[in-house]
Amino acid sequence: REELAALLSEEVGDRAGDWDLAGAIPLETLRRLGAEGVLCAEVPAEFGGRGLSGLDNGELTAHAGTLCSSLRSVMTSQGMAAWTIQRFGTREQRSKELAALTRGDLAAVAFSEPQAGSDLAAIATTVVDDGDSVVLSGHKVWSTASAYADVLVVFGRYQDGAAAVLVPTRAPGVTVRPVPQPLGCRAAGHADVLLEDVRLPATRVLSGASVSLGLLTTIALTYGRLSVAWGCVGIIRACLTAAATHARAREQFGKPLAEHQLVARHLAEMYVAEQTATRLCEHASGCWDSRSAELSSASVLAKHAAAGHAAHAASAAVQILASAGSVDGGTVARAYRDAKLMQIIEGSEEICQLILAERALERVT
Ligand code: FAD
C-alpha cells in the first residue's frame with residue numbers, strides 16, 4: 001500500500017489545482033496509474049491486481065482523497081466496475097476483463113438516468129436478446145469517469161430482471177457527452193451517455209443471465225459507498241492540514257489564529273470529524289474484509305457520516321483561511337466544492353438517512 005500511495009503522490013504532485021481548473025486529468029496519468037493497478041487495487045493477484053484488503057484499499061483511497069478528489073472519483077468508478085465484474089462475471093469474464101482493468105484500460109459505472117436518480121428501480125435502459133447478440137437502448141447521466149473510459153458497466157433491464165453489461169465506449173451507437181462545468185470534482189470526467197441500439201455480443205452480459213436489479217445495484221453501490229467514505233476522510237485530512245498550518249502561521253491581533261479560541265474550536269471540530277469518519281470507515285472496511293452481514297448498513301453509515309463531516313470540515317477550512325482560501329483551484333476551495341457533491345452521490349444524505357432510520361426501527365421490532 002505504501003508503494004502505491006507514493007506512486008499516487010508522485011503522479012499528482014502539485015497538479016490537482018490545475019486539473020481542477022482545466023476540468024481534466026491527463027489521460028496518460030490515468031493509464032499509468034491504471035496499469036500499476038492503483039485505480040482498482042483490491043482486484044486479486046490471480047486477475048493481475050494488487051490484491052489489497054478492503055482496509056488497505058480504503059486507506060489508499062483516503063490518500064488519493066487528500067491529493068485530488070477528481071482522481072479519487074475515477075478510482076471509485078474503476079473499483080466499482082472491477083468489483084461488479086468480480087462479483088457477477090463468469091470465470092472467463094473475470095479473467096479477461098479484470099486483467100484489462102489492471103493493464104491500463106479505464107472503466108466507469110452507469111446506473112443513473114434522467115428519471116432514475118435516487119429511485120434506481122425506475123431504470124428504463126433495456127437490454128434485449130437478439131440471437132447471439134444483445135441490443136441496448138437508453139440514456140445514462142452523470143457517469144463519473146465516462147469521459148475517460150474504455151468500457152462502461154451499464155445497468156439495465158434484461159429478461160425478467162436486470163443485468164450489468166460491459167459496453168465499449170467506442171461501440172457504434174454509444175455517445176459520451178461530458179457534463180459541462182460540474183460544481184466539484186471537475187476533472188473526474190462526468191458524462192451523460194446515450195445508448196442508441198447498441199449491438200454487442202451476448203457474452204458482454206455479466207454472468208450471462210438476468211439477476212435482481214436491487215441485488216445488482218446494492219452490491220455495486222456498497223463498494224462505491226465505502227470508497228466515497230474513505231475519499232471523504234481524505235478531504236477532511238487535507239482540510240485539517242491546510243487549516244492547522246494556516247492557523248499556526250497567520251497572526252491577527254498580535255497572536256497566531258490558532259490561539260484565538262473560536263478558531264481553535266473549528267480545529268477541534270475538524271479533528272473530531274477526521275477521527276470519527278476514519279473509525280466508521282475502518283469499521284465498515286472490517287465488515288467488508290470479514291464478509292459481515294453488517295456490511296451494508298456499516299457502509300451507508302460510514303458514507304453518510306464521512307460526507308457530512310467532509311462538507312463541514314471543508315467549510316470550516318475555508319473559514320479559517322478566509323481570503324487565503326477563497327481562490328478557485330486552491331486546496332480548501334476545491335474541497336469545499338468537492339465535499340458538497342459527496343452528500344449527493346452513492347445515496348444522497350436523505351436516502352442514507354432513510355436506510356439508517358430502518359436500522360433504527362429494527363431495534364424495536
Ligand atoms: P433526485 O433523486 O431527483 O433527488 C433530489 C433530492 O430529493 C435529493 O436531495 C434527494 O436526496 C431527495 N430525495 C429523493 N427521493 C427522496 C426520498 N424518497 N425521500 C427524501 N428525499 C428524497 N450516477 C451513476 O450512475 N454513475 C456515476 O458514476 C455517478 N457519479 C456522479 C457524480 C456526481 C458528482 C454526481 C452529482 C452524481 C453522480 N451520479 C452518478 C448520479 C447520482 O447517483 C445521482 O445524482 C443521485 O443518485 C441523486 O439523484 P438525482 O440527482 O436525480 O436527485
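Here the structure is a predicted model, which is why all the values come from computation and not from measurement. Both ligands and their constituent atoms are indexed starting at 1 by order of listing.
Atom 40 (C) of ligand 1 has Trp142 O, 3.0 Å as its closest protein atom, hydrogens excluded (heavy atom only). Atom 16 (C) of ligand 1 has as its closest protein heavy atom Ile351 CD1, 3.9 Å. Counting protein heavy atoms only, atom 43 (O) of ligand 1 is closest to Ser112 OG, 3.4 Å.
Here is the list of ligand 1 atoms found below 4.0 Å of a heavy atom in Ile344: 45 (O), 46 (C). Here is the list of ligand 1 atoms found below 4.0 Å of a heavy atom in Ser143: 26 (N), 27 (C), 28 (O). Interface of Leu341 with ligand 1, defined as ligand atoms under 4.0 Å from a residue heavy atom, comprises 34 (C). The contact set between ligand 1 and His190, taken as ligand atoms under 4.0 Å from a residue heavy atom, comprises 32 (C), 33 (C), 34 (C). Taking every non-hydrogen atom of Val109 and a distance limit under 4.0 Å, the qualifying atoms of ligand 1 come out as 24 (C), 25 (O), 26 (N), 27 (C), 28 (O). Listed by number with element, the atoms of ligand 1 under 4.0 Å from a non-hydrogen atom of Ser348 are 10 (C), 11 (O).
Considering only residues two or more places apart in sequence or on other chains, Phe155 meets the ring pair (Phe, Tyr, Trp, His ring centres under 6.0 Å) condition with Phe111.
Checked by distance only, ligand 1 and Asp119 stay at 3.5 Å or farther apart across all their nitrogen or oxygen atoms. In terms of N/O distances under 3.5 Å, ligand 1 is approached by Thr144. Residue Phe111 has at least one N or O atom closer than 3.5 Å to an N or O atom of ligand 1. On a distance-only criterion, Ser77 and ligand 1 share no N/O pair closer than 3.5 Å. For Glu346, no nitrogen or oxygen atom sits less than 3.5 Å from a nitrogen or oxygen atom of ligand 1, counting backbone and side chain alike. Considering backbone and side-chain atoms alike, Glu350 places an N or O below 3.5 Å from some N or O of ligand 1.
Val198 pairs in a side-chain contact (heavy atoms from CB on, under 4.5 Å) with only one of the listed residues (Leu136, Val193, Val165, Val127), which is Leu136.
Using a cut-off of 4.0 Å between Lys/Arg side-chain N and Asp/Glu carboxylate O, Glu46 and Arg91 are scored as salt-bridged. Salt bridge Arg248/Glu259: absent, no basic N to carboxylate O contact under 4.0 Å. By the 4.0 Å N-to-carboxylate-O rule, Asp132 lies too far from Arg199 to be salt-bridged with it. No salt bridge links Glu92 with Lys96; every basic N to acidic carboxylate O contact stays at or beyond 4.0 Å.
Within a 4.0 Å radius of atom 25 (O) of ligand 1, the protein contributes at least one heavy atom. For atom 6 (C) of ligand 1, the protein comes within 4.0 Å by no heavy atom at all. Remark: atom 35 (C) of ligand 1 lies closer than 4.0 Å to at least one protein heavy atom.
Between atom 2 (O) of ligand 1 and the options Ser118, Ala220, Gly117, the minimum heavy-atom separation is to Ser118. Here atom 33 (C) of ligand 1 lies nearest to Ile345 when heavy atoms of Leu221, Val193, Ile123, Ile345 are compared. Among Val74, Leu354, Leu120, the residue whose heavy atom lies closest to atom 17 (C) of ligand 1 is Leu354.
Taking a 4.0 Å cut-off on heavy atoms, Ala110 registers as neighbouring ligand 1.
Atom CG of Leu55 sits about 12.5 Å away from atom NE2 of His283, to the nearest 0.5 Å. If you take CD on Gln93 and CG on Leu98, they are separated by 10.0 Å, rounding to the nearest 0.5 Å.
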